[in-house]
Amino acid sequence: MTVHTTVGIIGGGPAGLLLARMLHNAGIDSVVLESRGRDYVEQRQRAGILEQGTVDALRACGAGDRLDREGIVHAGIELRYDRRSHRIDFPSLTGGRSVTVYAQTEVVKDLIALQLREGGPLLFEAPVHAVEGAGTDRPVIRYTHEGREHTLGCDWVAGCDGFHGVAKHAVPDGVRTVFERAYPYSWLGVLADAPPSSDELIYAHSERGFALFSMRSPAVSRLYLQVPNGTDPADWPDERIWDELEARSAVDRDWTLHRGPITAKSVLPMRSHVTEPMRHGRVLLAGDAAHIVPPTGAKGLNLAAADVIVLAQAFDHLKRTGSTELLDAYSATCLRRVWRAEHFSGFMTTTLHTDPGQSPFDSRLQISQLDRIATSPHAAAELAENYAGLPVV
Ligand code: PHB
């Protein structure tokens, strides 16, 4: 078993896997340690809206073949509110940009297959207990695998182990500042064997609460309903879900909601969170380990990809020039983009959801804001640029 590597990567989700691929291409060795099993990682449902920069990074590291065949380019989204519908056209508002719909589960499957075929070690069911020596030249990762304790010595550690991971605790409490916002609602997310009811995603504002109509394939819909925190999915039989989706998307034109058997149901919390700085000594945090956005802007995966693109460039720069200048700038470089996405995701969330205690005044303000987006190309462009994605650096 490898006992030393250049970059020890904690977490085999999209951030850790993409980083491993980019390092591999740059001739830099790494080891990926994932606490869960392969099946779990490959089935984890997340938004699958890929910005162009994310698509480019996946292609560049060899994970673009199936994405290019099966990913669907979406040139816009629909906003629904007040029984009206308004389409936001991305290319005309952003100088030609679009997004690609390709589920995160598929991104992860492609990256895992590639890494196992032609990459460095990727260990599943290898939980990390501790990261030690972040402030030294030789940090170590302590983990368990196949019933044994192991120690991996590293030049650098990349913490890609998500919000509940251990990596962020390598940044001492006195150094770490946490910024957080909680929301008074969650999402009930379902998968249904029903063809999508629209070619593009629909974000629906309603006084009954928010609803989102997304998709996984021409035969599978991915749908979300705003629900109170603490909701038990068992309280939502299929009929109730479909009726509520229909009520929240009511519009003064022809539109049919395609119903079908619901195959999965779960409740997702909504939160905004940033941990600063994203680097301490030789430990660098990326993706959900450092920041969480509510899913309304579909930014989570793209932010994680942007972090590791910056990180891989910094490691490549170190290898070629011996200079740590890009690694030294890593946290500040990423945080600029992170805070932009936090703002946009928070804006989409608070504009489209109905707070339990919301006053009629606040509801009117939301409608006014949505109207502004529907009638002003400037306001629409602000949404489109953020949604389709800003340049990585
Ligand atoms: C999804 O398809 O799961 C999805 C899409 C867009 C979002 C959130 C989730 O904003």
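Note that the structure is a prediction, hence the values are computed from the model and not measured. Each ligand, and each atom within it, is numbered from 1 in the order the structure gives. In what follows, every heavy atom counts, from backbone to side chain, and hydrogens, waters and symmetry copies are set aside.
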Closest protein heavy atom to atom 6 (C) of ligand 1, given as residue, atom name and distance to 0.1 Å: Y203 OH, 3.3 Å

Side-chain donor/acceptor of Q366 to backbone N/O of H353, under 3.5 Å: yes

From W156 atom CH2 to R279 atom CZ, the distance as rounded to the nearest 0.5 Å: 4.5 Å

Minimum-distance protein heavy atom relative to atom 2 (O) of ligand 1: S214 OG, 2.6 Å

Atoms of ligand 1, numbered as shown, that sit under 4.0 Å from any heavy atom of L212: 6 (C), 7 (C), 8 (C), 9 (C), 10 (O)

Closest approach of any protein heavy atom to atom 8 (C) of ligand 1, naming residue and atom: P295 O, 3.3 Å

Side-chain donor/acceptor of S376 to backbone N/O of I373, under 3.5 Å: no

Donor-acceptor contact present, side-chain N302 to main-chain I49, <3.5 Å: yes

Donor-acceptor pair between D193 and T263 side chains, under 3.5 angstrom: no

Those atoms of ligand 1 less than 4.0 Å from some heavy atom in L201: 5 (C), 6 (C)

Atom indices of ligand 1 within 4.0 angstrom of R216 heavy atoms, with elements: 1 (C), 2 (O), 3 (O)

Donor-acceptor under 3.5 Å (D89 side chain, G76 main chain): no

Residue portion contacting ligand 1 (non-hydrogen atoms closer than 4.0 Å) for Q45: neither

Nearest neighbour in protein (non-hydrogen) for atom 3 (O) of ligand 1: Y224 OH, 2.5 Å

Ligand 1 contact on V101 by region, counting heavy-atom pairs under 4.0 Å: neither

Distance (rounded to the nearest 0.5 Å) between F90 CZ and I77 CD1: 4.5 Å

Sidechain N-carboxylate O distance under 4.0 Å for E239, R259: yes

Which segment of A47 sits under 4.0 Å of ligand 1 when only heavy atoms are counted: both

Numbered atoms of ligand 1 (with element) below 4.0 Å of A298, judged on heavy atoms: 6 (C), 7 (C), 10 (O)

